[in-house]
Amino acid sequence: MSYRFEDSPAPPAMCRFVPKSDGPRHRRPLARASYLVAFVLGFLATGLVAFGLSTGPPPGFTQAPGEGTCTECHDSFGEETNRGPGELILEHPARYELGQIMTIVVRLEHAGQRRWGFQLTALVADTSEPAGELLVTDPLHTQLVEGPNGRLYIEHTREGTFAGKRDQAQWVVAWRAPDRDLGPITLYATGNAADGDGTRLGDWIYATESTIAPPSYPTATLRFPRGGETFRPGQPIIIHWEASSNATSFDVLFFPRAGALPLVIASALPAPTRSLVWIVPEISTESARLAILAFNDIGFALAESKPFRIVASPHQQPGDVNGDGRLDGRDLQLLLHILSGKAPPTPMADVNGDGAINFQDVLRLLELLLEPRLR
Ligand code: HEC
């Protein structure tokens with residue numbers, strides 16, 4: 001694919017940037033148009049081969065509100081981003097403190113590619129306002145550029161394309177959080193996993209965005225289950241999470257399967273709560289998830305597990321109170337917890353099957369536990 005340049009009648013020597021596909025492309029803001037005019041002039045002046053764009057892409061292509069992406073030029077694989085098998089990943093702390101300087105790692109992966117580029121900007125979430133300050137910590141590989149819109153961007157340098165490096169590349173940048181609480185901050189980034197042929201063709205473009213929570217918002221992380229586990233219906237599990245100290249209450253949600261509406265397992269759990277005993281429901285599913293909602297007066301945070309399975313086991317052993325497939329001291333411990341009211345009762349706690357959960361079940365469980373040794 002190539003570009004056509006149309007001469008406009010006046011003023012003299014003005015060019016208009018027109019993509020070859022004359023489809024109904026979105027209109028770009030005037031500022032971008034004039035930027036592209038300058039770009040195209042430079043393009044014509046220096047010739048197609050010599051134009052030194054790999055010193056860094058033009059600013060304003062991070063897919064932030066009002067911006068396009070690198071696919072506007074690197075469009076061998078279409079105009080959408082993330083079409084390749086690779087991934088653009090941003091790593092950073094979950095939240096900022098006022099004025100805090102934090103490291104952001106921009107990692108781009110795509111097996112087989114061999115030249116790399118990125119651009120990143122930070123905006124106050126749901127606005128077009130720049131947030132905080134992007135800082136260069138590695139001037140050999142990264143640089144700051146200012147866009148026509150006043151936004152600042154951090155991006156690769158020529159050296160920072162890691163020409164010849166295979167499969168992945170990463171850049172380390174820093175960001176200074178604002179001095180006042182501006183609410184959540186969104187990082188927008190695009191990356192080019194290039195083939196290294198020195199042209200804009202044959203390159204895969206990725207885009208991602210990631211939010212940094214403000215100091216006033218609570219944060220939460222689900223520790224168990226994390227996903228990947230297999231549970232049995234009726235099995236008691238202990239949901240466990242961590243949260244910032246400014247969280248004032250929690251809801252726990254259960255998603256029976258992908259795309260299903262959540263069921264509320266518990267709501268308005270008080271501030272110090274970090275765990276909850278939960279009886280896995282009598283369903284069978286390949287992709288259940290749990291989520292914790294942490295609240296305070298200002299906002300909330302959602303921490304979700306990855307999918308886990310609930311599969312009925314055909315024969316549950318008598319005495320296997322916790323349903324883990326083994327008969328051991330943990331079953332006794334759980335049964336004692338249930339009897340003392342520290343854990344909710346489960347069907348399996350009725351070890352002797354007389355329809356009641358009481359001390360008789362403890363005796364029966366002790367028998368079951370000792371049986372093999374008595375024999
Ligand atoms: C306005 C057009 C344009 C935009 C937008 C653009 N590029 Fe490019 N890019 C080019 C051209 C032309 C080349 C080839 C010439 C050169 O390397 O300077 C190129 C080359 C590159 C290369 C080297 C490719 C290779 O295979 O050797 C990388 C890496 C790169 N760009 C990254 C990016 C990233 C990342 C973005 C988005 C943030 C981006 N570019 C946006 C025009 C563009």
Side-chain angles (χ1 to χ4, degrees), residues 1-5 15-21 25-26 28-29 31-64 66-77 79-82 84 86-88 90 106-110 112-121 134 141-149 151-166 168-171 173 187-209:
M1 144 142 192
S2 62
Y3 293 107
R4 282 197 287 115
F5 305 112
C15 300
R16 267 193 296 143
F17 173 92
V18 178
K20 205 181 96 195
S21 56
R25 283 173 62 124
H26 54 271
R28 296 178 181 80
R32 172 106 53 81
S34 60
Y35 184 85
L36 286 170
V37 167
F39 172 74
V40 164
L41 287 175
F43 206 72
L44 294 178
T46 30
L48 288 163
V49 186
F51 192 78
L53 236 208
S54 54
T55 50
F61 290 92
T62 65
Q63 207 167 325
E67 296 187 10
T69 80
C70 321
T71 55
E72 303 215 3
C73 297
H74 297 271
D75 58 358
S76 294
F77 304 108
E79 300 227 332
E80 276 167 54
T81 54
N82 301 326
E87 201 178 355
L88 176 64
L90 299 178
V106 182
R107 202 166 72 241
L108 183 54
E109 303 173 349
H110 183 128
Q113 293 302 82
R114 58 197 94 173
R115 202 175 177 194
W116 311 89
F118 82 102
Q119 189 172 76
L120 176 145
T121 198
L134 291 166
H141 300 115
T142 62
Q143 61 185 329
L144 274 178
V145 289
E146 193 178 341
N149 47 16
R151 286 181 193 163
L152 279 173
Y153 301 87
I154 202 154
E155 63 182 33
H156 65 269
T157 59
R158 174 183 288 276
E159 201 68 28
T161 60
F162 300 106
K165 190 173 186 309
R166 283 192 167 260
Q168 64 123 354
Q170 73 176 36
W171 301 267
V173 306
L187 302 174
Y188 297 90
T190 40
N192 180 354
D195 59 354
D197 66 353
T199 75
R200 57 181 186 81
L201 303 177
D203 304 337
W204 294 91
I205 303 301
Y206 294 90
T208 190
E209 57 178 79

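Bear in mind that the values here come from a model prediction, so they are computed numbers and not experimental data. One-based numbering, in listed order, for ligands and for the atoms of each.
Contact annotation for Asp203 and ligand 1: only side-chain heavy atoms (C-beta onward) come within less than 4.0 Å of the ligand. Proximity of Glu72 to ligand 1, defined as any heavy-atom pair under 4.0 Å, is not found for any part of the residue.
At a 3.5 angstrom cut-off on N or O pairs, Trp116 does not count as close to ligand 1. The shortest N/O to N/O separation between Gly198 and ligand 1 falls below 3.5 Å. Checked against a 3.5 angstrom limit, the closest N/O atoms of Asp197 and ligand 1 fall inside it. The N/O atoms of Gly196, backbone and side chain alike, include one that comes under 3.5 Å of an N/O atom in ligand 1. On a distance-only criterion, Asp195 and ligand 1 share at least one N/O pair closer than 3.5 Å.
Of all the heavy atoms in Val145 and Pro59, the pair that sits closest is CG2-CB, 4.0 Å. Minimum heavy-atom separation, Leu108 to Trp171: CB-CZ3, 4.1 Å. Considering every non-hydrogen atom in both Ala193 and His110, the closest pair reads CB-CB, 3.6 Å.
Ligand 1 places these atoms under 4.0 Å from at least one heavy atom of Thr199: 14 (C), 24 (C), 25 (C), 26 (O). In the vicinity of Ala194, heavy-atom distances shorter than 4.0 Å reach the ligand 1 atoms 24 (C), 25 (C), 26 (O). Residue Cys73 approaches ligand 1 through these ligand atoms, each under 4.0 Å from one of its heavy atoms: 1 (C), 2 (C), 3 (C), 4 (C), 5 (C), 42 (C), 43 (C). The contact set between ligand 1 and Thr190, taken as ligand atoms under 4.0 Å from a residue heavy atom, comprises 38 (C). The contact set between ligand 1 and Phe118, taken as ligand atoms under 4.0 Å from a residue heavy atom, comprises 35 (C). Within the listing of ligand 1, atoms 34 (C), 35 (C), 36 (C), 37 (C), 38 (C), 39 (C), 41 (C) sit less than 4.0 angstrom from a heavy atom of Cys70. Atom numbering of ligand 1 starts at 1 in the shown order; those under 4.0 Å from a heavy atom of Arg200 are 10 (C), 11 (C), 12 (C), 13 (C), 14 (C).
The residues Asp75 and Arg200 are annotated as salt-bridged, a charged nitrogen and a carboxylate oxygen being separated by less than 4.0 angstrom. The residues Arg107 and Glu87 are annotated as not salt-bridged, no charged nitrogen and carboxylate oxygen being separated by less than 4.0 angstrom.
For Phe162 and His156, the gap between ring centers reaches or exceeds 6.0 Å.
Using a 3.5 Å distance cut-off with no hydrogens or angles, the side chains of Gln119 and Glu155 do pair a donor with an acceptor. Residues Glu67 and Tyr153 have side chains that bring a donor and an acceptor to within less than 3.5 angstrom of each other.
Atom 8 (Fe) of ligand 1 lies under 2.8 Å from an N, O or S atom belonging to His74.
Heavy-atom separations between His156 and ligand 1 include at least one value shorter than 4.0 Å.
Of the possible donor and acceptor atoms, none in the side chain of Thr161 sits under 3.5 Å from a partner among the backbone N and O of Arg115.
Residues Thr69 and Tyr206 form no side-chain contact, since every pair of their non-hydrogen atoms from C-beta on lies 4.5 Å or further apart.
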